[in-house]
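For ligands, and for the atoms within them, numbers begin at 1 and follow the listed sequence. Remember, predicted model here, so these are calculated numbers, not experimental data.
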Amino acid sequence: MSGVESLARDLVPPDRYSVETIRLLAWGHDMFRDLPGNSLLRLARYYGVVSQREEELHPVLLHGKVAASYLSNRFGIDNDVSKAIYWHVTGSAKMGELGEILMIADMGEEGREFPAAEEIRINAFIDRKKTVLDVIRFKMLWALEERRPLHNEIVCCWNHYLRRYLSDTD
Ligand SMILES: [Fe+2]
């Protein structure tokens, strides 16, 4: 079992999602992660995914959208799993609970060795909403430190989850 699957299984509410659902989520999200950039751009075009400027510069950003489009077209999987996979790279207000779990499990899984991973892994069991926010924050910080452009979708996602977090803690 992959680290992502293992952590996601521990995080999902019992009786809410099947083992198969979580396995598909973990297996499918990075299925195209290692494709060359030009292949990702071609596949995105094939599936009608409109690439944004940041994605054309860094096509790896498209791997979630391409994977979800493939699962939908090839296997008719068009549900919370494909939505979570679609948005797992930048996050989105539309990613749903499974999207949140996938983003957390992806960053916090036991195979990750950077210090933030353990923080994410532990905090996910204490305060899920704050942990989602932290995952988005760490992703944005990474992009800034690497002098990469900030995808507008991650900025929208940050603003959405920050608003939600602040209104919940008022
Ligand atoms: Fe990914």
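Here the side chains of I120 and F138 are in contact, with some heavy-atom distance below 4.5 Å.
The nearest N, O or S atom of D30 is closer to the Fe ion (ligand 1) than 2.8 Å. Within the coordination shell of the Fe ion (ligand 1), defined by N, O or S atoms under 2.8 Å, H29 is absent.
The Fe ion (ligand 1) lies at the vertex of an angle of 100° between the NE2 atom of H63 and the NE2 atom of H88 (rounded to 10°).
Each of E55, H29, H88 was compared with H63 under the side-chain hydrogen bond (donor to acceptor under 3.5 Å, both in side chains) criterion, and only H88 meets it.
Listed for the S72 side chain is no donor-acceptor partner under 3.5 Å among the backbone atoms of A68.
With rounding to the nearest 0.5 angstrom, the CG atom of L162 is 13.5 Å from the NZ atom of K129.
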